[in-house]
Amino acid sequence: MKICKKCGTQFPDNMSFCSKCGGPLTNYGDVYCSKCGAKNTSMDSFCKNCGSPLGGGQPSPNKQYSNIPNNGNGGVYPAPSGSGNKNIVLIVVVIILAVVLAVIVGSLISYKSSKTTLSDKAGVESQDGSGDGTSGDTLSLSEYQSYYDGIDDSFGGFIVSSSKKGELKTYKHSLEDALKNKNLENCKYNYDQLNDLKSSIESDSKDKINSLKNKIKKYEKKSKCKKAKKGTEYKKNKKLAQAAADKGDYVDAKTYYEACLDTLKKASKKKAKTVSSGRTLSGNDTWYQTGASDSDTYNAVYYNYLDANYVAGFSTEQKRYYMNTLFAAYGYRFNNSTIQSFFDHQSWYTPDYSIGVGDQTSIRSKFDDICSYNYSLLSGNR
């Protein structure tokens, strides 16, 4: 005999589905709880005694039921189909929950990954799609750090005014803070400001150099500067200035061009008369009278080759005086306070503090051809 599990109607063994409700038919029999051993029917899904699922329960193999056909296996029947259906539902629910959980975990990992990528992403294009690493792009933290590390070198060759030095310091400090806080937005802002400032300072530097070059051209046209601009040292400084400007080192270019301009200015102030006999004063005290002016001797040893016959008539003190003037022309600083005081009062004298007091060797290394010749002549080597 079979029974409908939905409506409980009994049917012959040769039927599989209920003719009333269409539910599947199952063999009727007793099922014993695998947990407590209580007797239940195949219609039951849970034990009437302990409430345990009866999916694994079986009818007692030692008891025969006269009203139920023997199945040929000692009256043992399979567990009711209702228990299996519930297990399938449970498995489906577990699978669905697992899928939902996997989706949630995957979304969290993807979100975290996208944030990490954004914080150190190289060359992220802005909305304008320029993609060339300029102000339209957000660079990576490592690229901003590299830019920050090279700021001093990047601005090193420019002539920076006092006001723009303040701006440079401010933006550099702000970029440093943005890097410490890993704030890409602030990094980009200060990066853009520094690039704009760099363009402005570079333009100012070029204007400064062009201004110096124009002044030099005006002085070169003066007749008094004719010899000066042909001098070896002048030509060398002008060549070095141009080379520095070409490679963007405007600081060095300014130094060399100012040296050229200084040479021309001094030449333009030179007196028309030439030196015929040098100073006529005699005695150590009178050669170096504090406050006395002597541009003639300076012009004679710095701009012109001395005549050997003329120098032959010099006294020892006069030769020493000319020699000291030659060294002073290159910024030599004297140990003798009286001599130093004398040259400090000369308009053409500029002490070179990069060279130690009394360091004659370093001064001699700076002599041009004219001064090297005059040095040999005054020292008696010619």
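With a 6.0 Å radius and a threshold of 12 heavy atoms from other residues, nucleotides or ligands, Lys319 has its NZ atom above the threshold. Heavy-atom contacts from other residues, nucleotides or ligands closer than 6.0 Å to NZ of Lys215 number 12 or fewer.
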Checking salt bridge (charged side-chain N to carboxylate O under 4.0 Å, His left out) for the pair Glu202/Lys198: CA distance, chi angles, key distance, verdict? CA-CA 6 Å; Glu202 183 176 13; Lys198 181 179 179 181; over 6 Å; no
What's the verdict on side chain to side chain contact (heavy atoms under 4.5 Å, CB included) for Tyr349 and Gln340, showing C-alpha distance, side-chain angles and the deciding distance? CA-CA 10 Å; Tyr349 176 72; Gln340 182 63 48; 3.1 Å; yes
One pair to check against side chain to side chain donor-acceptor pair (under 3.5 Å): Asn195 and Tyr147. What are the steps and the verdict? CA-CA 10 Å; Asn195 277 329; Tyr147 176 83; 3.3 Å; yes
May I have the step-by-step check of side chain to side chain contact (heavy atoms under 4.5 Å, CB included) for Cys187 and Asn183, ending in yes or no? CA-CA 6 Å; Cys187 283; Asn183 189 323; 5.6 Å; no
Show the numbers, then the answer: is there a side chain to side chain donor-acceptor pair (under 3.5 Å) between Tyr288 and Asn324? CA-CA 11 Å; Tyr288 301 103; Asn324 286 342; 2.8 Å; yes
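Tyr256 belongs to a hydrophobic cluster whose other members, connected by ILVMFWY side-chain contacts under 4.5 Å either directly or through intermediates, are Leu240. Residue Val357 belongs to no hydrophobic cluster, having no ILVMFWY side-chain heavy atom closer than 4.5 Å to its own.
Lys164 meets the side chain to side chain contact (heavy atoms under 4.5 Å, CB included) test with Val160, Ser161, Glu167, Leu197, Ser200, Ile201, Asp204; sequence neighbours excluded.
Residue Glu220 forms a salt bridge (charged side-chain N to carboxylate O under 4.0 Å, His left out) with just one option from Lys230, Lys226, Lys229, Lys238, and that option is Lys238. The ring pair (Phe, Tyr, Trp, His ring centres under 6.0 Å) test with Tyr298 singles out one residue from Trp348, Tyr322, Phe342, and that residue is Trp348.
Using bins of under 30°, 30° to 60° and over 60° for the plane-to-plane angle, the ring pair Tyr330/Phe367 lands in the tilted bin.
In this structure, CD on Glu185 lies 11.0 Å from CG on Asn190, to the nearest 0.5 angstrom. In this structure, the separation between NZ on Lys222 and OG on Ser268 is 4.5 Å, given to the nearest 0.5 Å. In this structure, the separation between CG on Asn186 and OH on Tyr144 is 10.5 Å, given to the nearest 0.5 Å. Atoms CD1 and OH, on Ile209 and Tyr257 in that order, are 7.0 Å from each other to the nearest 0.5 Å. Atom CD of Glu258 and atom CG of Asn237 lie 11.5 Å apart (nearest 0.5 Å). A distance of 8.0 Å separates OG of Ser372 from CZ of Arg364, quoted to the nearest 0.5 Å.
Residues Ile216 and Tyr234 have side chains in contact (heavy-atom distance under 4.5 Å, counting atoms from C-beta outward). Residues Lys227 and Asn304 have side chains in contact (heavy-atom distance under 4.5 Å, counting atoms from C-beta outward). Two residues are said to be in side-chain contact when any heavy atoms from C-beta on lie closer than 4.5 Å; Asp369 and Tyr373 fail this criterion. Using a 4.5 Å heavy-atom cutoff, the side chains of Asp294 and Tyr321 are in contact. By the 4.5 Å heavy-atom criterion applied to side chains, Gln242 and Lys213 are counted as neighbours. Using a 4.5 Å heavy-atom cutoff, the side chains of Asp359 and Tyr332 are not in contact. The closest side-chain heavy-atom distance from Thr232 to Ile370 is not below 4.5 Å.
Within the structure, no pair that satisfies the salt bridge (charged side-chain N to carboxylate O under 4.0 Å, His left out) test touches residues 321-335, not counting sequence neighbours. Here salt bridge (charged side-chain N to carboxylate O under 4.0 Å, His left out) pairs that include residues 339-356, with residues two or more places apart or in two chains, are Asp352-Lys366. Counting only residues at least two apart or in different chains, salt bridge (charged side-chain N to carboxylate O under 4.0 Å, His left out) contacts with residues 170-181 comprise Asp152-Lys172, Glu176-Lys180.
Shortest non-hydrogen contact noted between Ala329 and Tyr302 is CB-CD1, 3.6 Å. Of all heavy-atom pairs spanning Ala253 and Ala245, the tightest one is CB-N, 3.8 Å. Residues Asn374 and Ala300 come closest through the heavy atom pair ND2-O, 4.0 Å. Listed here is the closest heavy atom pair of Ile363 and Gly331: CD1-C, 4.3 Å. Residues Ser52 and Lys35 approach most closely at OG-CD, 3.0 Å, considering heavy atoms. Here the closest heavy-atom approach between residue Val251 and residue Gly156 is recorded as CG2-O, 3.7 Å.
Tyr148 is not connected to Tyr189 by any chain of hydrophobic side-chain contacts under 4.5 Å among Ile, Leu, Val, Met, Phe, Trp and Tyr, and they are in different clusters. At a threshold of 4.5 Å between side-chain heavy atoms, the hydrophobic network of Ile, Leu, Val, Met, Phe, Trp and Tyr places Ile159 and Leu212 in one connected group. Both Leu141 and Leu139 belong to a common hydrophobic cluster when Ile, Leu, Val, Met, Phe, Trp and Tyr are linked at side-chain heavy-atom distances under 4.5 angstrom. Placement of Phe334 and Tyr353 in two distinct hydrophobic clusters is found when ILVMFWY residues are connected by side-chain heavy-atom separations under 4.5 Å, directly or transitively.
In this structure, Ser341 contributes its side chain and Ser337 its backbone to no donor-acceptor pair below 3.5 Å. A donor-acceptor contact shorter than 3.5 Å links the side chain of Ser379 to the backbone of Tyr375. In this structure, the side chain of Ser174 engages the main chain of Thr170 through a donor-acceptor pair within 3.5 Å. A donor-acceptor pair under 3.5 Å is formed between the side chain of Asn40 and the backbone N or O of Ala38.
Using a 3.5 Å distance cut-off with no hydrogens or angles, the side chains of Asp196 and Tyr171 do not pair a donor with an acceptor. When only modelled atom types and interatomic distance are considered, Tyr303 and Glu233 share no side-chain donor-acceptor pair under 3.5 Å.
Here Arg320 does not pair with Glu317 in a salt bridge; the nearest charged N to carboxylate O distance is not below 4.0 Å.
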